[in-house]
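Down below is the structure, laid out as structure tokens.
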Number of protein chains: 2
Amino acid sequence: MQRATEMLRNKGISPSYHRVKILAYLLEKKTHPTVEEIYRNLSKEIPTLSKTTVYNTLKIFIDKDIAKSLVAGKNEIRYDATTREHAHFTCSKCHRIYDVELAGILEEDILSEGHKVEDCQIILKGICKNCLSKGN
Amino acid sequence: MQRATEMLRNKGISPSYHRVKILAYLLEKKTHPTVEEIYRNLSKEIPTLSKTTVYNTLKIFIDKDIAKSLVAGKNEIRYDATTREHAHFTCSKCHRIYDVELAGILEEDILSEGHKVEDCQIILKGICKNCLSKGN
DNA sequence: TTCTCTGCAAACGCTTTGCACGGAT
DNA sequence: ATCCGTGCAAAGCGTTTGCAGAGAA
């Protein structure tokens with residue numbers, strides 16, 4: 001909460017109650033939530049919250065580089081608070097999304113063929129550790 | 001055309017006129033087209049073509065591992081004939097999508113932390129060579 | 001006949017837009 | 001009075017579904 005408020009101030013976004021809550025949600029839970037998930041969970045605390053506000057707020061966060069959107073499963077937009085570089089692993093059984101550390105792979109390692117690379121997203125798919133051990 | 005027909009046969013998909021045309025389109029043009037683009041362009045040759053057929057056909061291709069879907073720009077689904085591993089570079093100015101060769105980076109290089117990795121998609125974003133030279 | 005392929009039209013679901021109310025400055 | 005944040009309701013748009021007709025086997 002404190003941290004979220006500060007982050008917003010640093011980016012020149014006025015830290016309204018809703019915005020702080022939404023950012024805090026992204027920072028605490030690291031579930032790469034959809035708009036629906038954010039809305040459903042925060043509605044418990046903020047019954048008046050609307051989806052429009054969640055959409056508006058996430059749009060601001062992305063513009064100001066506080067969050068990123070990612071498409072992990074089939075055309076489902078998910079959101080992630082911008083932290084350090086990492087890849088995402090999507091399990092095709094349980095559909096959970098895991099953060100995966102990169103073993104020192106950065107943009108420079110990829111032949112960019114003259115393009116100026118500003119962002120790099122790596123999406124892995126397969127069966128997660130959990131589902132494997134359950135013998136699926 | 002020949003090649004597309006063979007590929008379909010090899011995968012046990014009966015090579016109907018529409019299917020061959022759609023696969024040939026993916027193989028020839030490498031524009032990572034959207035459904036809309038495929039539909040618009042093939043309609044010239046096949047005036048009776050419907051979008052539903054394009055959707056149906058691409059779904060079959062993906063099931064049979066002949067094509068892949070990718071989300072490069074903002075929630076736009078694009079399609080790519082399955083070839084060798086490569087990354088995609090999206091230009092945020094002209095929105096073109098380039099294929100980028102990987103410098104020997106494969107799934108194994110990424111710490112998969114116990115998950116079984118079956119697919120790896122790398123999406124780069126930035127300004128392309130072309131737009132850079134135009135001084136944007 | 002039976003099964004497959006195709007395509008229209010409707011339904012669906014996520015996201016965006018328009019607009020108006022309320023609170024803060 | 002003005003500006004900003006919020007939220008309802010409607011519109012928008014890409015995708016999916018249901019169903020029926022055409023064509024191949």
Side-chain angles (χ1 to χ4, degrees), chain A residues 4-5 7-9 11-25 32-64 66-80 95, chain B residues 4-5 7-9 11-25 31-64 66-80 95 97:
Chain A
T5 308
M7 281 179 69
L8 291 173
R9 284 224 175 80
K11 291 285 184 170
I13 306 168
S14 70
S16 76
Y17 185 65
H18 295 70
R19 288 174 183 164
V20 172
K21 279 296 189 181
I22 293 172
L23 180 52
Y25 189 90
H32 314 83
T34 58
V35 164
E36 180 60 30
E37 185 185 328
I38 299 171
Y39 172 70
R40 203 171 345 99
N41 283 285
L42 289 182
S43 284
K44 295 169 193 165
E45 285 178 75
I46 321 168
T48 63
L49 182 70
S50 81
K51 265 190 197 175
T52 305
T53 298
V54 180
Y55 278 111
N56 287 339
T57 304
L58 290 171
K59 189 170 211 160
I60 294 173
F61 288 178
I62 288 173
D63 284 351
K64 300 287 185 177
I66 274 183
K68 274 190 183 185
S69 68
L70 59 118
V71 180
K74 272 244 145 315
N75 48 343
E76 259 196 338
I77 306 183
R78 293 174 169 276
Y79 298 87
D80 196 9
H95 300 104
Chain B
T5 308
M7 282 180 68
L8 290 173
R9 284 223 176 80
K11 292 284 185 171
I13 305 168
S14 71
S16 75
Y17 184 65
H18 295 70
R19 288 174 183 165
V20 172
K21 279 296 192 183
I22 292 172
L23 180 53
Y25 189 91
T31 48
H32 313 84
T34 58
V35 165
E36 180 61 31
E37 184 186 328
I38 298 171
Y39 171 70
R40 204 172 343 99
N41 283 285
L42 289 183
S43 284
K44 296 168 193 163
E45 284 179 75
I46 321 168
T48 64
L49 182 69
S50 81
K51 266 191 198 174
T52 305
T53 297
V54 180
Y55 278 112
N56 287 340
T57 304
L58 289 171
K59 189 168 210 161
I60 293 172
F61 288 179
I62 289 173
D63 284 350
K64 299 288 184 176
I66 274 184
K68 273 190 184 187
S69 67
L70 58 118
V71 181
K74 272 244 146 312
N75 47 345
E76 259 196 340
I77 305 185
R78 292 175 168 276
Y79 297 87
D80 196 9
H95 300 104
I97 297 177

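Order of the sequence lines fixes the chain letters, A, B, ..., with proteins taken first and strands second; residue numbering starts at 1 for each chain. Everything numeric here is computed off the predicted structure, so don't read it as measured data.
- To the nearest angstrom, P of dG14(D) lies 9 Å from CD of Glu76(B).
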Distances under 3.5 Å between protein N/O atoms and the N/O atoms of nucleotides 21-25 of chain D, please, pair by pair.
none

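- Going from atom CZ of Arg40(A) over to atom CD of Glu37(A) covers 6.5 Å, rounded to the nearest 0.5 Å.
- Atom CD1 in Ile62(B) sits about 11 Å away from atom P in dT15(D), given to the nearest Å.
- Heavy-atom distances under 4.0 Å link DNA chain D to no residue of residues 38-49 of chain B.
- In this structure, the NE2 atom of His18(A) is 18 Å from the P atom of dC4(D), given to the nearest Å.
- Between atom CD of residue Glu36(B) and atom CG of residue Asn41(B) there is a gap of 9.5 Å, rounded to the nearest 0.5 Å.
- For the pair Asn56(A) CG and dC8(D) P, the computed distance is 13 Å after rounding to whole Å.
- Annotation: of the two residues near DNA chain C, Thr52(B) and Ile13(B), the 5′-most nearest-nucleotide partner is Ile13(B).
- In terms of heavy atoms, Pro15(B) sits closest to Thr5(B) at CB-CG2, 3.8 Å.
- Atom CG of Leu70(B) is separated from atom CD of Glu76(B) by 10.0 Å, given to the nearest 0.5 angstrom.
- Looking at heavy-atom distances under 4.0 Å, Thr34(A) makes no contact with the nucleic acid at all.
- Rounded to whole Å, atom C1' of dG7(C) lies 13 Å from atom NZ of Lys51(B).
- Considering Ile22(A), Ile46(A), Leu49(A) as possible partners of Tyr17(A), the one that fulfils the side-chain contact (heavy atoms from CB on, under 4.5 Å) test is Ile46(A).
- No side-chain N or O of Thr31(B) forms a donor-acceptor pair with one of Arg78(B) less than 3.5 Å apart.
- Regarding contacts with the backbone of dT4(C), every side-chain N or O of Ser16(B) stays at 4.0 angstrom or more from both OP1 and OP2.
- Between the CG atom of Leu58(A) and the P atom of dC14(C) there is a distance of 15 Å, rounded to whole Å.
- Remark: side-chain polar atoms of Arg19(A) are paired, donor with acceptor, to backbone N or O of Ser14(A) under 3.5 angstrom.
- Between Tyr55(A) and the phosphate of dT16(C), there is no side-chain N or O to OP1/OP2 separation shorter than 4.0 Å.
- Across Ser69(A) and Ile77(A), no two heavy atoms sit closer than the pair CB-CG2, 4.0 Å.
- When all heavy atoms are compared, the tightest approach of Ala24(A) to Ala4(A) is N-CB, 4.0 Å.
- Atom pair Tyr79(A):OH and dC14(C):P shows a separation of 12 Å (rounding to whole Å applied).
- dC13(D) atom C1' lies 13 Å from atom CD1 of Ile77(A), rounded to whole Å.
- Regarding contacts with the backbone of dG7(C), a side-chain N or O of Thr53(B) is found under 4.0 angstrom from either OP1 or OP2.
- Between the OH atom of Tyr39(A) and the OG1 atom of Thr34(A) there is a distance of 12.5 Å, given to the nearest 0.5 Å.
- Within the model, atoms CD1 of Ile66(A) and OH of Tyr79(A) stand 15.0 Å from one another, a figure rounded to the nearest 0.5 Å.
- Atom CD1 in Ile62(B) sits 11.0 Å away from atom OG1 in Thr57(B) (nearest 0.5 Å).
- Axis orientation changes by 10° from one end of the helix from dT1(C)-dA25(D) to dT25(C)-dA1(D) to the other, with each end axis drawn from 5 pairs and the value rounded to 10°.
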